[in-house]
Trainee: 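Before I ask anything, here is the structure I am working with.
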Amino acid sequence: MYYSVTNSDVLIIGAGVIGLSCAYKLSKEGLKVILADPNPGKSASWAAAGMLAPVFEVKYAESSHVPFNIEARRAWPSFAKELTDLVNCDIDFKEGGTLQIAKSFDDLTYLMELAKFCRSLGFKVDNLSPREVRQLEPSLSPQISGGFFNEVDAQVNNRLLVDALIKAVKILGAEIILESIRELKIEKSRIIGAKTDNEEFSFKYAVICLGSYAKNFPYIKDYLTIFPIKGQILRLKKPEFFAERIVRAVVNSRTLYIVPRSDDEVVLGATQEDTGFDDSISLGPLSDLMNDALLVAPFLYDSAIRDITVGFRPNTVDNMPVVDWLPAENLAVSCGHFRNGILQAPISAEIITKLILGQKAPEAYNYVRYKRLNPNAN
Ligand SMILES: Cc1cc2nc3c(=O)[nH]c(=O)nc-3n(C[C@H](O)[C@H](O)[C@H](O)COP(=O)(O)OP(=O)(O)OC[C@H]3O[C@@H](n4cnc5c(N)ncnc54)[C@H](O)[C@@H]3O)c2cc1C
């Protein structure tokens with residue numbers, strides 16, 4: 001069969017927030033970039049809540065992740081400004097911190113352990129009584145047992161973000177092909193081409209940004225173990241009287257977050273289910289999430305449900321992404337960003353851009369190299 005061949009400096013396979021951010025940075029450097037994706041920006045990057053939470057998404061066993069996340073958080077203000085200046089669209093980037101609260105005394109015990117852990121990492125965390133919590137956010141339930149506030153977290157509207165990135169890469173001259181890549185052509189240690197059903201690509205470099213879908217992708221699946229963690233998440237109409245900050249809550253030993261946007265929307269999330277690529281909306285996990293939310297934020301009771309989305313967080317064995325060359329000499333990957341892909345998109349794109357330009361990568365690169373998972377790799 002005859003295929004037309006399209007040439008570029010870089011082919012990016014997968015146009016979620018990770019691939020789009022790479023395309024944006026590489027195009028800004030003057031490289032000719034092609035992105036291939038049948039449905040750009042509509043997978044995990046569309047489902048997400050958009051919290052930029054470098055520390056408080058981290059679990060106890062993950063303290064080594066904090067330095068990478070802190071670098072990721074630092075990259076955000078300038079990234080947001082440059083992007084919005086270019087496309088002239090708002091992405092609702094806000095630096096308001098997060099209020100962490102607990103429903104019962106058992107939940108508070110868990111939360112205070114988290115506060116202790118955060119202090120051990122050097123973060124200033126002040127405990128709050130129920131009254132102090134309600135002074136900050138009067139719409140929350142009086143039936144809570146306490147909490148604390150962290151100033152570090154920010155948020156962005158991830159749907160506006162992916163739309164802005166799509167617009168930006170087009171302005172910068174990148175091309176988006178709305179097709180799946182089916183096959184890579186490999187010769188010795190180089191990737192010499194890639195194919196969709198209709199088209200063939202040749203390029204100097206390829207970057208795999210497939211999120212969870214790297215799990216089954218040819219060649220990559222032999223080197224990298226990625227597995228999807230399902231999340232169900234709701235978008236609701238924001239009540240007139242409601243919290244202004246992100247609220248994270250521990251309720252009945254489960255965690256949830258409520259992310260109020262600047263407009264009339266509030267995001268309520270999210271379930272975490274290890275059920276493969278099952279994209280069904282399921283009653284049990286969702287009703288737990290909704291009931292828990294109403295116990296701490298009763299004003300949500302009359303909120304209209306606008307959207308329930310299922311997304312797959314791309315996980316690795318150590319919950320950290322791989323942003324590096326893979327054994328082929330002109331193939332890079334930026335995959336496995338799990339719960340923090342929106343936060344980590346700008347810094348990951350910065351690393352990929354430096355690798356491709358042959359320049360010194362930022363320090364953060366050392367946390368996301370492939371060889372940590374495979375010490376025998378070069
Ligand atoms: C419910 C939920 C809430 C979350 N909340 C947050 C949050 O608050 N903050 C945060 O930082 N992170 C959050 N995350 C995590 C974040 O969404 C992900 O880490 C991030 O979106 C991963 O981006 P990605 O571009 O790697 O993957 P994706 O967005 O999944 O993109 C992968 C792309 O690959 C494409 N693709 C698949 N197969 C092919 C093929 N063969 N050829 C070409 N393209 C292909 C798909 O169409 C898709 O567009 C959340 C995730 C979920 C599910």
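Read the numbers this way: they start at 1 and go in the same order the structure lists the ligands and their atoms. Only a predicted model underlies this, so the values are computations on that prediction, with no experimental measurement involved.
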Trainee: Parallel, tilted or perpendicular: which one describes the rings of Tyr205 and Trp325, with boundaries at 30° and 60°?
Mentor: tilted
Trainee: Checking contacts here: is it the side chain or the backbone of Ala36 that comes within 4.0 Å of ligand 1, counting heavy atoms only? Could be both or neither.
Mentor: backbone
Trainee: Below 3.5 angstrom, do we get any N/O pair linking Gly341 and ligand 1?
Mentor: yes
Trainee: Could you say whether the N/O atoms of Gly231 and ligand 1 ever approach to under 3.5 Å?
Mentor: no
Trainee: Return a yes/no value for Asp37: is any of its N or O atoms, backbone included, closer than 3.5 angstrom to an N or O of ligand 1?
Mentor: yes
Trainee: Applying the ring-ring contact (aromatic ring centres under 6.0 Å, His included) criterion to Phe312, which one of Phe277, Trp46, Phe338 satisfies it?
Mentor: Phe277
Trainee: Using a 4.0 Å cutoff against the non-hydrogen atoms of Asn340, which atoms of ligand 1 qualify?
Mentor: 10 (C), 11 (O), 12 (N)
Trainee: Answer with yes or no after comparing the ring centroid distance for Tyr219 and Tyr223 against a 6.0 Å cut-off, counting only values under it.
Mentor: yes
Trainee: Considering distance alone, does some N or O of Ile181 sit under 3.5 Å from an N or O of ligand 1?
Mentor: yes
Trainee: Does only the side chain of Arg339 get under 4.0 Å from ligand 1, or the backbone, or both, or neither? Count heavy atoms.
Mentor: backbone
Trainee: Between Pro314 and ligand 1, find which residue part has any heavy-atom pair under 4.0 Å and reply side chain, backbone, both or neither.
Mentor: side chain
Trainee: Count the heavy atoms belonging to other residues, nucleotides or ligands that lie under 6.0 Å from CD of Glu132, then report whether that count exceeds 12.
Mentor: yes
Trainee: Is the centre of the Phe93 ring less than 6.0 Å from the centre of the Phe79 ring?
Mentor: no
Trainee: Please lay out, stage by stage, how Glu29 and Thr353 fare under the test side chain to side chain donor-acceptor pair (under 3.5 Å).
Mentor: CA-CA 8 Å; Glu29 294 294 335; Thr353 303; over 6 Å; no
Trainee: Regarding ligand 1, does Ser45 bring an N or O atom to under 3.5 Å of one of the ligand's N or O atoms?
Mentor: yes
Trainee: I'd like to check which ligand 1 atoms, numbered from 1 as shown, lie under 4.0 Å from a non-hydrogen atom of His337.
Mentor: 19 (O)
Trainee: Please indicate whether any nitrogen or oxygen in Gly311 is less than 3.5 Å from any nitrogen or oxygen in ligand 1.
Mentor: no
Trainee: Does ligand 1 have any atom that is closer than 4.0 Å to a heavy atom of Gly269?
Mentor: no
Trainee: Just to check, does Tyr257 reach to within less than 4.0 Å of ligand 1 when the distance is taken from its heavy atoms?
Mentor: yes
Trainee: Polar-atom distance check: Phe217 versus ligand 1, any N or O pair below 3.5 Å?
Mentor: no
Trainee: Give the single entry among Cys335, Gly16, Pro228, Ala49 that approaches atom 31 (O) of ligand 1 most closely by any heavy atom.
Mentor: Gly16
Trainee: Mark up the atoms of ligand 1 that fall under 4.0 Å of a heavy atom belonging to Gly50, in ascending order.
Mentor: 7 (C), 8 (O)
Trainee: Passes side chain to side chain contact (heavy atoms under 4.5 Å, CB included), Ile34 versus Ile12? Steps please.
Mentor: CA-CA 6 Å; Ile34 292 182; Ile12 295 180; over 6 Å; no
Trainee: Give the contacting part of Phe338 toward ligand 1: side chain, backbone, both or neither, where contact means a heavy-atom distance below 4.0 Å.
Mentor: backbone
Trainee: Under the side chain to side chain donor-acceptor pair (under 3.5 Å) criterion, do Asp107 and Asn252 qualify, and how do the steps go?
Mentor: CA-CA 7 Å; Asp107 296 329; Asn252 299 325; over 6 Å; no
Trainee: Please determine whether any non-hydrogen atom of Ser212 lies less than 4.0 Å from an atom of ligand 1.
Mentor: no
Trainee: Counting both backbone and side chain atoms, is some N or O of Leu343 under 3.5 Å from an N or O of ligand 1?
Mentor: yes
Trainee: Geometry only, no angles: is Ile342 polar-contacting ligand 1 at N/O separations under 3.5 Å?
Mentor: yes
Trainee: Same cluster or not: are Leu35 and Ile177 linked, directly or through other Ile, Leu, Val, Met, Phe, Trp or Tyr residues, by side-chain heavy atoms under 4.5 angstrom apart?
Mentor: no
